[in-house]
Peer 1: 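Here it is, the structure, as C-alpha cells.
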Protein chains: 2
Amino acid sequence: MSTKTPVTLKLLAQKLKISISTVSKALNDYPTINAYTKERVKQMAAELHFTPNKSALNLQIQKSYTIGIILPDLMDHYFTRSIFGIEQHARQYGYNVIIGQSYDDLKKEVDLANMLLKSRIDGLIIAISKNTQNFDHLDMFENLGLPIIYYGRNPSFNLSCHKVLSNTYQGCYKATDFLIKRGHQRVAYLGGPKMISFTHDRFKGYINALNDNQIPFDASLVAYTDFDKENTNSAIKELFYKSENPPTALVAFKEQILFDAMKYLRANHYEKMDQTDFIGFGNMPFIRYLDNPPLASIEENPESMGENAIKLLLKLIDQKTEATEYQEVMVDCELVLHS
Amino acid sequence: MSTKTPVTLKLLAQKLKISISTVSKALNDYPTINAYTKERVKQMAAELHFTPNKSALNLQIQKSYTIGIILPDLMDHYFTRSIFGIEQHARQYGYNVIIGQSYDDLKKEVDLANMLLKSRIDGLIIAISKNTQNFDHLDMFENLGLPIIYYGRNPSFNLSCHKVLSNTYQGCYKATDFLIKRGHQRVAYLGGPKMISFTHDRFKGYINALNDNQIPFDASLVAYTDFDKENTNSAIKELFYKSENPPTALVAFKEQILFDAMKYLRANHYEKMDQTDFIGFGNMPFIRYLDNPPLASIEENPESMGENAIKLLLKLIDQKTEATEYQEVMVDCELVLHS
DNA sequence: TTCTCCGTTTCAAACGTTTGAAATAAATCA
DNA sequence: TGATTTATTTCAAACGTTTGAAACGGAGAA
C-alpha cells in the first residue's frame, strides 16, 4: 500500500470519476452535494488516507491557522509551563503552534520574527528577550494587522500593546503579608536585576504589605542581585551578616536566587537558619527533592498566563477589527505552602 | 506605512511595471535577468518589506522545509535539551521546526502525527510515548517516503527503523566501574520501570562492570521502581535496611528517582550516609541548588542526541533514496563529577 | 535588406484547495 | 408538449510562487 505520492483531491476525483469540486464540497459537507456521493467520497478519502494539503489551504483561505510563540528559553519551567496553557487551547480551536527560542538574544528574536512572518502566522505571543528595546521586527506584524500578545515579560517603556502578565505586585504583597501575619517583624526583600520592571513591582508589593501592617521600612533589609551566584552570595552576606539585627524572613525575586541564598547560608552554618522563613517566586517542581524546602512559593500560574494569552489572541484574530483598545490582563499569584 | 495587506510579487511587479516572473527571477538571482533590473527589484522588495509567502512556496516546490518533532514532555530537561541540538542545526539549514508534546499519551501522539502529516513536513523526529505499541500513525510517513528518526526512546520490539539513542549501557558501565575503582565493593543498582528497555540495558552495563572487576553479583543489591515516590522509598528500604550488609554506593536509573531516594535516606538519618556514594542518570541543572549533591551524574548529552538525529534526518531528506539501510546511532554518555 | 543570435523579459502552466456562478439532468407544473 | 423549477454537478478563477518555453527587440552577420 506504499503510495509514495500524496493523495490529493484530484486523485480522489479521478478514482471516483467526478470533478474535483464535488470531492472538495463533499468532504466539506456542502448541502448541495448528494448524500450518496458524500458517502462515496468520504469512504474513498478514508481508504486512501487523504489529508488536505495545509499549504494549499492556507494559500486559498489566506489564513494559516498557525500562531507563533517566541520565548527566551524552554529550559525555564516558567515558560515551558506557559506553553502548556497555550497549546491546549490553541489545538482545541484548530490552531497550530510554532515555538521559537530567542535565548534572550535580540538577533535571534528578530530572525524568529521574520521566519514567522514568512510562515504567515495569524498571530504572535511573545515574551520579549531581556534586551529588546527596538520593536521594528514586531511592528511588522502590527502593520499587517496581525495581533501580538506580550506576555510574561513587560515591555518596559509603556508601549501600547496587549499584555498578559502575572500580578507580581500582588504575589509579593501576599508573601510579605503572610510572613508578617506569621509573626515576623523583620522581613527582607531580595530583588532581581534592577533593569527588570518586575523587580520594582514586587518591591512595591513588599512595601505596601509592610505599610498595611504598620511595620516601618528598613532599607538594610533590602538587597538586589542578578542571577549570578557570587552576586547573590554577597547580597546575602549584606542582609544577614552585616546587621546586628538580621531578618527573620526573606522574600526572594526568584527561586533560583533563593536556593543559592539558602544553600549559602546553610553552607556557612547560619545559626538562626531554623527560625528563618524563606519564600520565593516560582514553585519549581524539584522543590520536592530538597531536604529543606522553603516555607512557601509564590506560584505565578504560568499555565493560566498562557491560557489568557491565547484566549485573547484568538479573540483578536477572530474579530479582526484592529480598533479595539489595548487589553492588559493580570494573572493572580498564589501562595503555596511546602512544609 | 500601514500596509494591512501582505506584499506579494504581484504588487512589486505592478509598482515596477514589470512582470511577476521577472520579479521572482530577479529576487532569486537568475542569470538571465539584467543586473540593473535585479537592483531595482531588490530595492523595492526591501522598501516594501516583501516576505515570500511560505505556503505558496511550499505548494510550488512540494517541500515544506519544516520538520516535526514529537516528544513526550517539554518539562523534562532531557527532551528540552535535545531540542536545542535539533533546532540549532535545523535552522542553519533553512528548516523550521514544529514541536508537539504527546504527554506520553498515544492518542495525543496520533493526533500530532496527523497534524504534521497535514502540514506536509519533510521528516519527523520522535521520542515515542510510553505506550506506543501500534505504529500505524507513523507508517503513514514511511508510505509517503518521509523519513522518521526514533530518538531518545527505543521502540521496544525490534522495529526496523532509524534510531538515535544514548548509549545507556555504557553510561551505567562507566558509573559502576568508577564506583568500584573508587573502592566500593557493594554497589547497588536501582532500576526504572521494567517495561522500559533502558532499565535492562543499564542493568547489563552494571553487571558487566561488576564482572570485569571480579565482583560477584548479589541480587539483594538490585531493586526496581517506577517514578512514584512511595515505590522508590520501599525499594530503598529493601536495599538499605533489609540487609545486614547494605550497599556503599548506588547507581540509579534517573536522578528524579535518586533524589527521592537520597531524601528518604537523609530524612531517616541513615547512619552511613556520608560513606555512601550516589550516581544517577541525568545531570539535571538544579543539582547546583542541592546542599548535598550526588557524587556524580551520568550525562546523556541530549543536545548531541538531538544533533545526531537532525543530521541523519536531513541527510535522509536530501538523498531521498529510500533504499538506504536503517541507521542506528549511539551517543556516548559521560560521567560528570559534582563534589 | 534579411537572417541569425543574444540578452532579456514575458507567458502560461503548475502546485492543491475553495467557492460563486454556470451548466446539466431530472422532475414538476401548466 | 413545452416551460419552469429543483437537485446536483461542474466550471473557472483565485490564492502566491516557480520555471521551462516562447516572445521580443536590437545588434551583428550574410
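Numbered from 1 within each chain, the chains take letters A, B, ... in sequence-line order. Keep in mind that this is a model prediction, so the values were computed, not measured.
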Peer 1: Expressed as a whole number of angstroms, how long is the span from Ile20(B):CD1 to dG20(D):P?
Peer 2: 18 Å

Peer 1: When you get a sec, tell me which of dA12(C), dT17(D), dT17(C) is the closest nucleotide to the side chain of Ser21(B)?
Peer 2: dA12(C)

Peer 1: Distance only, no hydrogens: is a donor on one side chain within 3.5 Å (strictly under) of an acceptor on the other, for Ser19(B) and Thr22(B)?
Peer 2: yes

Peer 1: For Gln62(A) and dA13(D), what is the distance between atoms CD and P respectively, to the nearest whole Å?
Peer 2: 19 Å

Peer 1: Out of dT18(C), dT9(D), dT8(C), which has the shortest distance to the side chain of Asn34(B)?
Peer 2: dT8(C)

Peer 1: Just checking Lys38(B): does its NZ atom have more than 12 heavy atoms from other residues, nucleotides or ligands closer to it than 6.0 angstrom?
Peer 2: yes

Peer 1: If you check every side-chain atom of Thr22(A), which of dT18(D), dT17(C), dT10(D) has the closest atom?
Peer 2: dT10(D)

Peer 1: Starting at NZ of Lys10(B) and ending at C1' of dT10(C), how long is that distance when rounded to a whole Å?
Peer 2: 16 Å

Peer 1: Let me know the distance between NZ of Lys17(A) and P of dT9(D), rounded to the nearest Å.
Peer 2: 16 Å

Peer 1: Students often get this wrong, so: under 4.0 angstrom with heavy atoms, is Asn28(A) touching a base, only sugar-phosphate, or nothing?
Peer 2: sugar-phosphate

Peer 1: Expressed in angstrom and rounded to an integer, what is the separation of Ile61(A) atom CD1 from dT19(C) atom C1'?
Peer 2: 13 Å

Peer 1: Round to a whole Å and report the spacing from CG of Asp29(A) to C1' of dT18(C).
Peer 2: 15 Å

Peer 1: From C-beta outward on Leu57(A), which listed nucleotide comes closest to its side chain: dT17(D), dT9(C), dT17(C)?
Peer 2: dT17(C)

Peer 1: Using whole Å, report how far CZ of Arg120(B) lies from P of dT17(D).
Peer 2: 21 Å

Peer 1: Below 3.5 Å, does any donor atom in the side chain of Lys25(B) face an acceptor in the base of dG20(D), or the other way round?
Peer 2: yes

Peer 1: State which of dT9(C), dT18(D), dG16(C) makes the closest approach to the side chain of Ile33(B).
Peer 2: dT9(C)

Peer 1: dT8(C), OP1 or OP2 - any side-chain N/O from Thr32(B) closer than 4.0 Å?
Peer 2: no

Peer 1: Of all the nucleotides listed (dT10(D), dG16(C), dG16(D)), which has the minimum atom distance to the side chain of Thr8(A)?
Peer 2: dG16(C)

Peer 1: Between Leu59(B) and Thr37(B), which residue's closest nucleotide on DNA chain C lies nearer the 5′ terminus?
Peer 2: Thr37(B)

Peer 1: Angle between ring planes, Phe135(A) versus His137(A), binned at 30° and 60°: parallel, tilted or perpendicular?
Peer 2: parallel

Peer 1: For the pair made of CG in Leu27(A) and P in dT9(D), what is the distance, rounded to whole Å?
Peer 2: 13 Å

Peer 1: Using heavy-atom distances to pick each residue's nearest nucleotide on DNA chain C, tell me which of Ile18(B) and Thr51(A) is more 5'.
Peer 2: Ile18(B)

Peer 1: Can you say whether the rings of Tyr95(A) and Tyr65(A) are parallel (under 30°), tilted (30 to 60°) or perpendicular (over 60°)?
Peer 2: tilted

Peer 1: Which pair of non-hydrogen atoms, one from Tyr78(A) and one from Pro302(A), has the smallest distance, and what is that distance?
Peer 2: O-CB, 3.2 Å

Peer 1: Quick check on dT18(D): is either OP1 or OP2 less than 4.0 Å from any side-chain nitrogen or oxygen of Ser24(B)?
Peer 2: yes

Peer 1: Contact class for Phe50(A) (heavy atom, under 4.0 Å): base, sugar-phosphate, or nothing?
Peer 2: sugar-phosphate

Peer 1: If you apply the rule salt bridge (Lys or Arg N to Asp or Glu O under 4.0 Å), what do you find for Asp105(B) with Lys130(B), and how did you get there?
Peer 2: CA-CA 8 Å; Asp105(B) 175 358; Lys130(B) 274 199 191 90; over 6 Å; no

